[in-house]
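In what follows, a single structure is set out as structure tokens and then discussed.
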Amino acid sequence: MSRMDWKNAGRFGSDAEINRVHEGMAGYRSAFGDWMSYYHLDEKHSEVDEVYGEATGNGYAYFPEIRLPCMHVRHIRGENTNSASGFYHNDELTALINYKMFSQSGLPLADIRDGQYERDRVIYNGLVFRITKITIEGKIQQRPTVVTLEATEMKKDELVDQPFFAAYAGGNRPPEQTDI
């Protein structure tokens with residue numbers, strides 16, 4: 001007879017536990033969750049100034065849309081802020097995502113660790129958001145379980161060099177975009 005803490009597999013092992021956690025989160029997401037459109041920057045086909053890092057020519061290019069399943073998305077309407085250029089507001093977005101669904105969507109952990117998401121974009125509620133932070137919030141046996149994505153709204157003047165998102169400038173939803 002062996003001791004339970006020596007076992008690596010079975011119904012009490014860490015693999016079984018994390019699999020049940022992921023199944024539970026997937027079940028919750030299918031019943032109560034949401035979706036967002038995620039666009040990963042295609043650096044190879046983007047035209048960027050080497051010195052200033054700003055888009056030139058055709059601007060930034062993005063891979064096709066990744067429909068990212070989220071357990072919960074919180075869209076916070078920004079308050080008006082008075083500045084030298086007048087009133088301005090930015091909406092904020094926070095999403096909780098099951099890590100297994102995040103990685104199965106084609107978004108690798110390496111991009112989170114290296115900060116390769118900084119020029120990625122998210123579309124939610126017909127608005128374009130710039131990703132500000134992606135963090136891993138939960139781990140079991142050094143394996144990620146929950147990813148938190150934070151983003152801030154991009155306004156019309158910030159989308160000038162991104163023709164791909166021009167249809168969304170100012171919160172205008174393109175006619176082919178519909179909510180489910």
Side-chain angles (χ1 to χ4, degrees), residues 25-26 28-43 46 48 52-55 58-99 101-109 111-138 144-180:
M25 286 190 285
Y28 178 86
R29 203 237 34 96
S30 65
F32 305 105
D34 206 347
W35 295 88
M36 65 174 55
S37 298
Y38 191 103
Y39 292 90
H40 191 60
L41 180 70
D42 183 357
E43 292 188 32
S46 295
V48 181
Y52 297 106
E54 295 177 353
N58 290 329
Y60 293 119
Y62 290 88
F63 289 108
E65 171 190 3
I66 296 172
R67 190 162 172 162
L68 189 59
C70 303
M71 292 186 299
H72 180 70
V73 180
R74 186 175 62 194
H75 180 186
I76 302 169
R77 302 280 180 203
E79 296 181 17
N80 283 337
T81 305
N82 191 9
S83 67
S85 58
F87 284 111
Y88 196 80
H89 72 278
N90 270 15
D91 290 0
E92 300 294 325
L93 189 75
T94 304
L96 294 175
I97 307 161
N98 178 346
Y99 175 77
M101 291 181 176
F102 185 84
S103 60
Q104 287 175 348
S105 296
L107 301 167
L109 177 63
D111 283 351
I112 297 173
R113 289 191 176 141
D114 297 339
Q116 295 297 316
Y117 56 81
E118 292 172 345
R119 288 183 280 173
D120 292 354
R121 304 293 179 248
V122 172
I123 295 177
Y124 186 75
N125 284 345
L127 300 172
V128 179
F129 292 87
R130 174 181 55 248
I131 297 175
T132 56
K133 186 163 71 168
I134 298 179
T135 54
I136 295 174
E137 296 294 327
T145 55
V146 177
V147 174
T148 301
L149 181 147
E150 295 178 18
T152 186
E153 179 186 5
M154 295 186 73
K155 298 294 187 180
K156 186 176 185 176
D157 58 332
E158 296 174 296
L159 296 171
V160 171
D161 60 351
Q162 300 183 30
F164 184 81
F165 298 109
Y168 292 93
N172 297 327
R173 186 183 305 233
E176 70 274 2
Q177 178 74 24
T178 58
D179 289 332
I180 297 177

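This one's a predicted model, so the numbers in the text were calculated from it and none came from an experiment. We use all heavy atoms of the structure for the numbers below, so side chains are in, but hydrogens, waters and symmetry mates are not.
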request  = With salt bridge (charged side-chain N to carboxylate O under 4.0 Å, His left out) as the test, would you mind laying out the steps for Glu153 and Lys155 before giving the verdict?
outcome  = CA-CA 6 Å; Glu153 179 186 5; Lys155 298 294 187 180; 3.4 Å; yes
query = At what distance, to the nearest 0.5 angstrom, does CG of Asn98 lie from CG of Leu68?
reply = 10.5 Å
message = Using the side chain to side chain donor-acceptor pair (under 3.5 Å) criterion, which residues pair with Tyr60? Sequence neighbours excluded.
response = none
inquiry  = Could you tell me if the side chain of Phe165 sits less than 4.5 Å from the side chain of Ile123, heavy atoms only?
reply    = yes
remark   = Correct closest heavy-atom pair for Met154 and Glu158 would be CA-OE1, 3.2 Å
message = So does Leu41 get a backbone contact from the side chain of Asp120, meaning a donor-acceptor N/O pair under 3.5 Å?
response = yes
query = Short question: side chain of Ser46, backbone of Ala61 - any donor-acceptor pair under 3.5 Å?
reply = yes
remark   = With sequence neighbours left out, the residues meeting side-chain contact (heavy atoms from CB on, under 4.5 Å) with Leu93 are Met36, Val73, His75, Val122, Tyr124, Phe129, Ala151
query = How long is the span from the CG atom in Asp34 to the CD1 atom in Ile97, to the nearest 0.5 Å?
reply = 11.0 Å
For Glu150, side-chain contact (heavy atoms from CB on, under 4.5 Å) partners two or more places apart = Thr94, Thr132, Lys133, Thr148
message = I want to check something: taking the side chain as every heavy atom from C-beta on, are Glu137 and Thr135 in contact at a cut-off of under 4.5 Å?
response = yes
key: From CD (Glu92) to OG1 (Thr152), nearest 0.5 Å   = 4.0 Å
query = Are the side chains of Met71 and Met101 in touch, meaning some heavy atoms are under 4.5 Å apart?
reply = no
request  = Hey, can you tell me if Tyr62 and Phe164 have their rings parallel, tilted or perpendicular (30° and 60° cut-offs)?
outcome  = tilted
Reported OH-to-OH distance for the pair Tyr117 and Tyr38, which is rounded to 0.5 angstrom = 9.0 Å
